[in-house]
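Heads up, the thing below is written out as structure tokens.
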Amino acid sequence: MNNSVDRLIYLVVGARPNFMKAAPLIRALEERAPEIEYLLVHTGQHYDYEMSRAFFEDLDMPDPDIYLGVGSGSHAEQTAKIMVSLEKEILSRKPDLIVVFGDVNSTLAASVVASKLMIPVAHVEAGLRSFDRTMPEEINRIVTDVLSELLFATERDAVENLRREGIPEEKIYFTGNVMIDTLVTFTDKARNSDITERLGLKKKGYAVLTLHRPSNVDVPEVFEGILRALAEVSRNLPVVFPVHPRTRKRLAEFGLLGRFSDVFKSPPAERGIILIDPVKYTEFLALEMRSLFVLTDSGGIQEETTFLGVPCLTLRNNTERPVTLEVGTNTLVGTEPRRIIEEAARILRGEGKKGEIPELWDGRASFRIAEIIRSKMGELR
Ligand code: UD1
Ligand code: UDP
């Protein structure tokens, strides 16, 4: 690779939910736009094997071409480190376009650096809004969208949000959901996974839990309330809980491991909350597919459960993905223990929400995006 390459794209990833969004676009660009070269840049925001490398292996992704190795830190530290390192990389190779994904700090940092160097930005998963600026992701989304030249939306509400914010119509594309592309591609591999057997879980006989939002796990009373509710729920069926590193830290720090020691179990267990490390993508997909229901504060998992038709109780008061509520299987239950217990009981009674698959969640979104990138590249600079 040298400075004279005509069309070069950087795809910037950094945290777990970026990898399953970038993987299908890489394949689509290779197929639909072979004349465009791309470099995969990994900021190193997530770095544990099971938060990063595991996805490259599981999703057959190429190794990152550039690894910035920034690691953890405060928002300012992490964002600033990415900006300083990425600026050098951009200056050395002068890409024609930077593609960013989702709403993590790596997304924000890359969009700001690129824009100031006059490199156009394409945002995959543009326009989502929780209208809650206490969420760091909301700030990241707003800034990234305002700086982007190509905005690829997963749902119609996102398109409306962008219009309302004054983003010119010609920059907005309703392309569907690249996370669903990955889900569709890897369904067979997930079907062959033996994770439920290894954990001693019976099909539709358990629930899955994930938690990592600072508003839930960084506030001791909120985290404890959620666990109290889940302790109650898990008297009826086992709840498998792959624990995010932020959450594992807080469990120890707040003394919750001790306080809930009679509820927390190692696999196999008939009841209780089964703590495990984060699992690779196809194993998590297998867990979702075979579960009776999912409880989560994740963004992406709200979408995956909607596609799979598995009821999802979202432990938040808002969502930036309203189509999962309106069309899909998602229910916002907040963090009040009584409500969580009631909604779980409803599902156990066979009254779980049934939904439909949202528009353009058809496994083809990354092809649409690749075609648009291909046709617009020349006009952008
Ligand atoms: C980040 C994203 C969030 C996304 C989530 C997906 C931001 C602001 N937040 O949150 O939007 O939903 O990723 O998982 O970008 N840690 C490790 N090992 C790792 C990574 C993190 O131990 O590989 C620990 C560190 O103690 C770190 C903490 O987890 O301080 C939080 O990591 P960070 O990337 O800052 O935020 P997440 O909570 O992971
Ligand atoms: N996921 C995974 N292993 C796990 C938990 C989640 O592979 O142990 C996947 C999940 O299937 C989804 C993505 O991680 O594709 C969601 O990422 P996360 O919840 O970390 O972030 P968010 O979507 O909230 O930004």
Side-chain angles (χ1 to χ4, degrees), residues 14-20 45-55 58 71-72 104 136-137 193 195-196 198-201 206-235 237-302 304-305 310 312-316 333 335 337 340 344:
R16 176 167 70 184
N18 292 159
F19 307 132
M20 52 292 281
Q45 176 173 348
H46 284 175
Y47 44 85
D48 288 349
Y49 173 82
E50 63 268 19
M51 295 300 287
S52 174
R53 181 84 219 145
F55 296 93
D58 195 28
S72 303
V104 301
E137 293 81 5
S193 165
I195 180 140
T196 38
R198 280 190 279 123
L199 296 175
L201 300 168
Y206 66 94
V208 182
L209 169 68
T210 83
L211 288 172
H212 70 273
R213 296 259 97 85
S215 57
N216 282 342
V217 302
D218 288 1
V219 187
E221 313 79 64
V222 177
F223 196 1
E224 180 161 1
I226 293 173
L227 290 177
R228 265 194 288 120
L230 266 295
E232 188 61 32
V233 172
S234 71
R235 287 151 64 101
L237 82 178
V239 176
V240 63
F241 182 17
V243 189
H244 186 283
R246 170 190 291 276
T247 309
R248 185 163 293 278
K249 215 162 92 179
R250 299 298 182 232
L251 277 172
E253 200 178 307
F254 300 154
L256 296 167
L257 285 174
R259 223 163 309 152
F260 287 87
S261 59
D262 53 334
V263 178
F264 290 150
K265 308 281 182 205
S266 301
E270 295 278 310
R271 301 278 178 270
I273 303 176
I274 303 176
L275 298 188
I276 59 172
D277 286 333
V279 294
K280 61 185 182 181
Y281 178 81
T282 49
E283 290 188 336
F284 193 78
L285 182 54
L287 285 177
E288 287 180 279
M289 282 161 57
R290 298 170 195 161
S291 68
L292 184 62
F293 64 104
V294 172
L295 304 112
T296 193
D297 59 13
S298 158
I301 294 171
Q302 295 173 56
E304 290 169 346
T305 45
V310 171
C312 178
L313 302 181
T314 293
L315 306 172
R316 290 172 47 187
V333 299
T335 55
I340 299 171

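Atom CE of residue Met289 and atom OG of residue Ser193 lie 9.0 Å apart, to the nearest 0.5 angstrom. Rounded to the nearest 0.5 Å, atoms CZ (Phe241) and CG (Asp277) are 11.5 Å apart. Put simply, CG on Leu275 and CZ on Phe260 are 11.5 Å apart, with the number rounded to the nearest 0.5 Å. Atom CD1 of residue Ile340 and atom CD of residue Glu232 lie 11.5 Å apart, to the nearest 0.5 angstrom. Considering CZ of Phe284 and CZ of Arg16, their distance stands at 7.5 Å, rounded to 0.5 Å. Atom OG of Ser291 and atom CG of Leu209 lie 11.5 Å apart (nearest 0.5 Å).
Crowding of Glu253 atom CD: a count of heavy atoms from other residues, nucleotides or ligands under 6.0 Å exceeding 12.
Between His244 and His46, the ring planes lie perpendicular to each other; the angle is over 60°, past the 30° to 60° tilted range.
When all heavy atoms are compared, the tightest approach of Leu237 to Ala207 is CD1-N, 3.9 Å. The minimum heavy-atom distance between Val217 and Phe223, with the atom names listed, is O-CD2, 3.6 Å. Scanning both residues, Asp297 and His212, for their nearest heavy atoms gives OD1-N, 2.9 Å. Shortest non-hydrogen contact noted between Lys265 and Asp262 is NZ-O, 3.0 Å. Closest approach of Arg250 and Leu256 over heavy atoms only: O-CD1, 4.5 Å. The two residues Tyr281 and Glu304 come nearest to each other via the heavy atoms CE1-OE2, 3.6 Å.
Here the rule is side chain to side chain contact (heavy atoms under 4.5 Å, CB included) with Ile274, and of Ser234, Ser266, Pro242, Pro267 only Pro267 fits it.
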Take Leu199 and Tyr206 through the test side chain to side chain contact (heavy atoms under 4.5 Å, CB included) and record every step on the way to the result. CA-CA 11 Å; Leu199 296 175; Tyr206 66 94; over 6 Å; no
Decide yes or no on side chain to side chain contact (heavy atoms under 4.5 Å, CB included) for Val222 and Ser215, but give the supporting numbers first. CA-CA 8 Å; Val222 177; Ser215 57; over 6 Å; no
Test Leu315 against Arg213 for side chain to side chain contact (heavy atoms under 4.5 Å, CB included), laying out the working first. CA-CA 10 Å; Leu315 306 172; Arg213 296 259 97 85; over 6 Å; no
Please walk me through it: do Leu201 and Arg290 pass side chain to side chain contact (heavy atoms under 4.5 Å, CB included)? CA-CA 9 Å; Leu201 300 168; Arg290 298 170 195 161; over 6 Å; no
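Side-chain atoms of Arg271 come within 3.5 Å of backbone N or O of Arg235 as a donor-acceptor pair. Remark: the backbone N or O of Lys280 is not paired with any side-chain donor or acceptor of Asp58 at under 3.5 angstrom. With hydrogens and angles disregarded, a donor-acceptor distance shorter than 3.5 Å links the side chain of Thr305 to the backbone of Gln302. A side-chain donor-acceptor contact under 3.5 Å links Thr247 to the backbone of Leu211. Side chain of Ser298 to backbone of Gly300: a donor-acceptor contact under 3.5 angstrom is found. Distance alone, capped at 3.5 Å, is enough to place a donor-acceptor pair between the Arg259 side chain and the Phe254 backbone.
Two residues are said to be in side-chain contact when any heavy atoms from C-beta on lie closer than 4.5 Å; Arg246 and Pro214 meet this criterion. Side-chain atoms of Val243 and Arg248, non-hydrogen and from C-beta on, do get closer than 4.5 Å to each other.
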